[in-house]
Amino acid sequence: MKTYPLLINLLFMMTSWSIGVYFLSVIYTPTIIIPLFNDFIWIRDYKGLLGLTTIFTVLTVPLVAFLYKKRGQMKKKTTWYGMNAVAHLLWIGTLALQVKTVLYNLGICH
């Protein structure tokens, strides 16, 4: 199987970490407001910007390592691309939530 989906996963992961670390240096507040559909969560700045990234990194790194190790042995392409598609969607969702949280806390999305 192709290795570029694994590289895309790692690119999403590095982008998420860099967005979180960069905006921690831009937003000077001890608490971050995470907007939900009809409510808000007040949380510490590190947990607010890097919490979801940490959780998905812990889940994605073993998955990417397993898929890289077994890429030649997988017979079904639908399983391979399905697992990568789920990982891509999780990372895209994480990036979207990070950007939404940052924009809300900077006062752009009030």
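Only a predicted model underlies this, so the values are computations on that prediction, with no experimental measurement involved.
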* To do: Check whether Leu89 and Phe56 end up in the same hydrophobic cluster, where Ile, Leu, Val, Met, Phe, Trp and Tyr are linked by side-chain heavy atoms less than 4.5 Å apart.
  => no
* Asked: Roughly how far, to the nearest 0.5 Å, is CG of Leu6 from OH of Tyr4?
  -> 10.5 Å
* To do: Nearest 0.5 Å please: distance from the CG atom of Leu90 over to the OG1 atom of Thr94.
  => 6.5 Å
* Asked: Are Val58 and Val86 connected, step by step, through hydrophobic side chains (Ile, Leu, Val, Met, Phe, Trp, Tyr) whose heavy atoms are closer than 4.5 Å?
  -> no
* To do: Work out which heavy atom in Asn105 is nearest to a heavy atom in Thr101; give both atom names and the distance.
  => ND2-O, 2.7 Å
* Is the backbone N or O of Phe12 less than 3.5 Å from a side-chain atom of His88, with the two atoms forming a donor-acceptor pair by type? -> no
* **From CD1 (Ile34) to OG1 (Thr31), nearest 0.5 Å** => 10.5 Å
* To do: Consider only side-chain heavy atoms of I, L, V, M, F, W and Y, link residues closer than 4.5 Å, and tell whether Leu7 and Trp17 are in one cluster.
  => no
* To do: Report whether Tyr22 and Leu97 are members of the same hydrophobic cluster (ILVMFWY, side-chain heavy atoms less than 4.5 Å apart, transitive linking).
  => yes
Kindly list each side-chain donor-acceptor pair under 3.5 angstrom involving residues 41-54, sequence neighbours excluded, with atom names and distances?
| residue | atom | partner | partner atom | Å |
| --- | --- | --- | --- | --- |
| Arg44 | NH1 | Pro30 | O | 3.3 |
| Thr53 | OG1 | Ser16 | OG | 2.8 |
| Thr53 | OG1 | Gln98 | NE2 | 2.9 |
| Thr54 | OG1 | Leu50 | O | 2.6 |

* Qualifying residue, where the test is side chain to side chain donor-acceptor pair (under 3.5 Å) with Trp91 and the options are Thr60, Asn9, Thr57 -> Thr60
* For the hydrophobic clusters of this structure (ILVMFWY residues joined by side-chain heavy atoms under 4.5 Å, transitively), does one cluster hold both Leu59 and Leu10? -> yes
